[in-house]
2 protein chains.
Amino acid sequence: MNIDSTAQRNTKQRSAVSAVLNETEGFNSAQDLHAILRDRGERVGLTTVYRTLQGLADAGEIDVMRPPGGEHLYRRCSQGHHHHLVCRSCGRAVEVEGPAVESWADRVAAKHGFVDVSHTMEIFGTCPECAAKR
Amino acid sequence: MNIDSTAQRNTKQRSAVSAVLNETEGFNSAQDLHAILRDRGERVGLTTVYRTLQGLADAGEIDVMRPPGGEHLYRRCSQGHHHHLVCRSCGRAVEVEGPAVESWADRVAAKHGFVDVSHTMEIFGTCPECAAKR
DNA sequence: GCGCTTTTGACAATCATTATCATTGTCAGC
DNA sequence: GCTGACAATGATAATGATTGTCAAAAGCGC
């Protein structure tokens, strides 16, 4: 029997994926991460990358985003609940907090009798640099 | 010349898809809609369903949602910008408005110099009926 | 070191969505 | 009401990210 079911083992692959996430700045797709690991000479299977990312996401250590019409993107984020302001053009992401939004979502859901509430929010736009280039 | 570039033609298929969207209540996937049309005896290709839905979505006549780990869902919605409170269990969706959220998103984006801003938000929860059943 | 258990990873399978392209249906002008 | 140009359709194949499979290869506790 186990109270916490997170009986994870430390493996090179897990560390490698985590390391890449630490060093990269913006969001990366699973395939991107796999390619990066490949370039570094780390021998990690694509399947393992996916599994590791899922695990980290479940553990709340990384953030997942599903941009419209694209693949899943992963990023190591600061702890706690927050949202992202993402540049449509260059992919740069800014973490933003909105306590007002959180409470609004909870309030609305409660008003309709919904329980076990979660929410997702992404803001898309063009960042100043990209806007200037055009 | 044409001020609006939507030079769409009226076809039976387009009407059929639109009709189904009018009659169904919650969110439907493209494949669901295709199945419904099939059952009705309407002969509409899956490709056309996808194309029609895309067109309607672009025109802002229907709403698209990308639930975590699922396919795209479409629904005819009231005009104007709004968000959805969706039941995780039965799929029932409630339209909600949050002017505070809109302005917050715009404000945050502006503060970081982002332009041409849009955003997406979905609230997930368990509706009272489904919560009671458990 | 030993053995049990988890993890890995090459490959195949899945599945929603998109591209292709010849055929068909619409609409505008006559 | 015809007709012809051109958009729309749809059966099928292609795409591509993600997931399943399962034998082989590490970890970890002893």
Side-chain angles (χ1 to χ4, degrees), chain A residues 1-21 27-59 61-75 91, chain B residues 1-21 27-59 61-75 91:
Chain A
M1 69 194 82
N2 45 2
I3 298 142
D4 74 331
S5 56
T6 55
Q8 312 235 36
R9 289 181 182 174
N10 281 343
T11 65
K12 297 172 190 173
Q13 291 83 354
R14 206 108 59 178
S15 310
V17 172
S18 199
V20 172
L21 283 169
F27 280 89
N28 300 93
S29 72
Q31 319 254 353
D32 284 344
L33 292 171
H34 180 234
I36 292 171
L37 288 167
R38 231 166 184 285
D39 289 345
R40 289 196 183 187
E42 309 268 5
R43 203 151 284 287
V44 182
L46 182 56
T47 311
T48 303
V49 175
Y50 273 105
R51 256 189 309 238
T52 304
L53 289 172
Q54 269 178 19
L56 289 171
D58 286 347
E61 292 194 37
I62 61 174
D63 234 52
V64 191
M65 193 177 51
R66 304 171 109 273
E71 62 275 273
H72 294 188
L73 299 181
Y74 304 88
R75 185 199 188 192
Chain B
M1 71 188 79
N2 44 4
I3 298 140
D4 72 332
S5 57
T6 56
Q8 311 233 38
R9 289 180 182 175
N10 281 343
T11 65
K12 299 171 188 171
Q13 291 84 354
R14 205 108 57 177
S15 310
V17 171
S18 200
V20 172
L21 283 169
F27 280 89
N28 300 93
S29 72
Q31 320 255 351
D32 284 343
L33 291 170
H34 181 234
I36 293 171
L37 288 166
R38 230 163 186 289
D39 290 345
R40 289 196 183 186
E42 310 266 8
R43 205 151 281 289
V44 182
L46 181 56
T47 309
T48 303
V49 174
Y50 275 105
R51 256 191 307 239
T52 305
L53 289 172
Q54 270 180 19
L56 290 171
D58 285 347
E61 291 193 38
I62 60 174
D63 233 51
V64 191
M65 196 178 46
R66 303 171 108 273
E71 63 275 275
H72 293 188
L73 298 179
Y74 303 89
R75 187 197 188 194

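Below, chains carry the letters A, B, ... as their sequence lines are ordered, and counting in each starts from 1.
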- Pick one: which of A:L21, A:V64, A:N28 meets side-chain contact (heavy atoms from CB on, under 4.5 Å) with A:L53? A:L21
- Of all the nucleotides listed (D:dA17, C:dG9, C:dT26), which has the minimum atom distance to the side chain of A:Y50? D:dA17
- Message: Rounded to whole Å, please give me the gap between CG in B:L46 and P in C:dA19.
- Response: 14 Å
- Once you round it to whole Å, what is the distance between C1' of D:dT9 and CD of B:Q13? 6 Å
- To the nearest angstrom, the CZ-P distance between B:R14 and D:dA7 comes to 12 Å
- Message: Regarding D:dA8, can its base be found pairing with the side chain of B:T48 as donor and acceptor, where the two atoms are less than 3.5 Å apart?
- Response: no
- Query: When the distance from CG of A:N10 to P of D:dA25 is rounded to whole Å, what number comes out?
  - Reply: 22 Å
- Would you give the length of the straight line joining atom CZ of A:R14 to atom CG of A:L56, rounded to the nearest 0.5 angstrom? 8.0 Å
- Sequence neighbours left out, what pairs pass side-chain hydrogen bond (donor to acceptor under 3.5 Å, both in side chains) with at least one residue falling in residues 31-42 of chain B? B:E23-B:R40, B:S29-B:D32, B:Q31-B:Y50
- Item | hbond_proxy B:T11 side chain to D:dA7 base (donor-acceptor, 3.5 Å cutoff) | no
- Task: Just report the end-to-end axis angle for the helix from C:dG1-D:dC30 to C:dC30-D:dG1, five pairs per end, to 10 degrees.
- Result: 40°
- Could you say whether A:R51 or B:S29 is positioned toward the 5' end of DNA chain C, judged by the nucleotide with the nearest heavy atom to each? A:R51
- Query: Which pair of non-hydrogen atoms, one from B:V44 and one from B:A16, has the smallest distance, and what is that distance?
  - Reply: CG2-CB, 4.5 Å
- Message: Rounded at 0.5 Å granularity, tell me how far CG in A:L33 sits from CZ in A:F27.
- Response: 12.0 Å
- Message: I need the CD-P distance between B:Q54 and D:dA7, as an integer number of Å.
- Response: 18 Å
- Message: Could you measure the distance from the OG1 atom of B:T48 to the NZ atom of B:K12? Nearest 0.5 Å is fine.
- Response: 13.0 Å
- Between OG1 on residue B:T52 and CD on residue B:E61, distance to nearest 0.5 Å: 11.5 Å
- Separation of atom CZ in B:R38 from atom C1' in D:dT9, rounded to whole Å: 16 Å
- In whole Å, what is the span from the CG atom of B:L56 to the P atom of D:dA8? 13 Å
- Message: So, OP1 or OP2 of C:dA16: does either fall under 4.0 Å of a side-chain N or O from B:H72?
- Response: no
- Rounded to the nearest angstrom, tell me the gap between atom CG in B:L53 and atom P in D:dT9. 12 Å
- Item | Nearest listed nucleotide, side chain of B:T47, among D:dT12, C:dT17, D:dT18 | D:dT12
